[in-house]
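What follows is one structure encoded as structure tokens, with my remarks underneath.
Every chain is numbered from 1, with letters handed out A, B, ... down the list of sequences.
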Amino acid sequence: MKQGPTILTRREFGKVLAAAPLAAGAAQQQRLLYSINEVGIGLETFSFHDLPPAGDPRLIPTIINNMREIGIGECEIMSGHIEPWPTSSTGWWVQSRRAPGFQQLREDARRWRLSVPMNYYANIRRQFEDAGLRIYLYNVNFNETFTDEERDKTFEAARALGAEGFSSSTVISEARRLVPFVERHKMFVAMHNHNNLVDPDQFATPESFETALAMSPYFKATLDIGHFVAGNNDPVAFIRKHHDRTVNIHVRDRKRNNGPNRPFGQGDTPIAEVLRLIRDQKYPIRCYLEYEYGSFRSSVDEVKACLDYCRRVLA
Amino acid sequence: MSGLLPPRAGVVLVAVFAIAALGNAQAPQAKADAGGVPAPTPELERGRAVYVLSSCHFCHGVDLTGAQMGATDLMHSPLIAADQNGNFIGPVVRAGKPNLQTAMPSYPDLTSQEIADLAAYVHYLRRQGRYRELTMDVGDQGDARAGETYFNANCAACHSRKGDLAGVAGKYAGAALRARILRPSDDPAPAGTDRTTLGRLQHGKLLERYAAADVRNVIAYLREPSR
């Protein structure tokens, strides 16, 4: 059995969390939050629905400002926020592949990925670090439109960003293709689920995760507890069983039976139970806020509300 | 109500529009929020509330442009074109689309009134968007024969090139003629008459369904010297 990537023990995890604000630099005026009662807290940058478009030079500074305004120090950042292409142009959504002009966009994105110097990513990492922030995961939706060369470059990009690994909305068939890449680059890919229960290639059930986890020790889970509940699965049971392979969870609240996203505490997702389980069992699982319910208020205001909810249940 | 709107939201909305009405034409344009630009009437604003609070805008766009995550382009969807008062939109929204790669959630708790409000708002956004899109069309000159065919099938019940539209092509040039065809809502015909109301409804429906070539062809037909 090959050794997997280093997964922190709970004691090491606690030390990292405690040290992170120091690493952020004493010069930072605002105290950034990395944990609540030793539960690692971060956010998925998808939560920011009102950002400038992909490739806009204001995009990264806006994410940084938003994170600092909210006061959260760590994130999982979407490739669509790093690359000058929306995620739809790199092939994840099958429906988007049918759009006119998609093939040309996809080729342009590929050429860019293969030619961009790594200091492009290092510069973004520096901007985050200068603001006291950390990119922990690079969210790239690997799919069959990637070439092997492109997969290799994407792993190099994640390293240049300072990410420990990937979170990925991907499919089981793509996970099989990724095995030699995770092992060569010694970097984990955490599978992110949705709730499509019809397509057996999708990550949506405990069994779909287990299929990938058995392929390589470098495969982990990013459990989206809201989508998991929308697919009528039990996130508490999953975390109890797979806490050692779960890198982070996406915290959102959805109703069962493919129900809608709701403000935290108003759906069927046992957010409080999950967070308290992670706290009480001292599982080294990061909890990343993902705001996707409807509101007239800004994303920043709503992520603050999500954070307040987590503070209350973890108090 | 399904509980989408907070209890006092209706009171606030009425108050907002009452104030706006007092200000009449001098009122400043309503300020945009995370759900787009406030709608021009209380009824449409109710629909906007359903659209935004159900987070439709994250995937379908605040103004139906820029659909994301594989979502249907509602600006050009044939289902929306065929919908009347939510008869097609309602069942899809209530059931969701669980088979999509990133499933569209279901909204079984929406009331019939909320579905009707949502549908009215989606149609409103679509007409706004299609008007912008079609007025910016810079395609070819159009085919007068195809325009005649389209006119006979869709316009001739109310209009005649030699009757009420005689000389219209000479009266309005270029973009103005196109704009009048797309949205003749400021016609000087007596407001509130059945004919005007029905005509506006019909033009609204056509606006949602025109292909760019249809408009070019009809203009070519109207500009053509009488045979």
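Once rounded to the nearest 0.5 Å, the distance linking OG1 of T102(B) with CG of N141(A) reads 8.5 Å. Distance CZ/R256(A) to OG/S106(B): 12.0 Å, rounded to 0.5 Å.
Interface with chain B: from residues 298-310 of chain A, residues S298(A) qualify, criterion being any non-hydrogen pair under 4.5 Å. Within residues 198-205 of chain A, the residues having any heavy atom less than 4.5 Å from a heavy atom of chain B are, in residue-number order, V198(A), Q202(A). By a heavy-atom distance cut of under 4.5 Å, M69(B), G70(B) are the residues of residues 64-79 of chain B near chain A, going up by number. Contacts between residues 83-105 of chain A and chain B, counted as heavy-atom pairs separated by less than 4.5 Å, involve W92(A), W93(A), V94(A), Q95(A), S96(A).
Residues F296(A) and R48(B) form a side-chain contact, since some pair of their non-hydrogen atoms from C-beta on lies under 4.5 Å apart.
Minimum interatomic distance between A95(B) and N258(A) (heavy atoms only, all atoms of both residues): O-ND2, 4.5 Å. Residue V52(B) comes nearest to S295(A) through the heavy atom pair CG1-O, 3.4 Å, listed as atom of the first residue, atom of the second, then distance. Considering every non-hydrogen atom in both S55(B) and G294(A), the closest pair reads CB-N, 3.6 Å.
Ranked by non-hydrogen atom pairs under 4.5 Å with chain A, the options G36(B), C56(B), P98(B) are led by P98(B).
With a 6.0 Å radius and a threshold of 12 heavy atoms from other residues, nucleotides or ligands, N87(B) has its CG atom above the threshold. Counting heavy-atom neighbours within 6.0 Å of E273(A) CD, excluding the residue itself, gives a total of 12 or less. Atom CD of Q141(B) sits in a sparse spot, with 12 or fewer heavy atoms from other residues, nucleotides or ligands closer than 6.0 Å.
You'll find the ring centres of F46(A) and F58(B) outside the 6.0 Å limit.
Panel note: side chain N196(A), backbone A103(B); no donor-acceptor pair is recorded below 3.5 Å.
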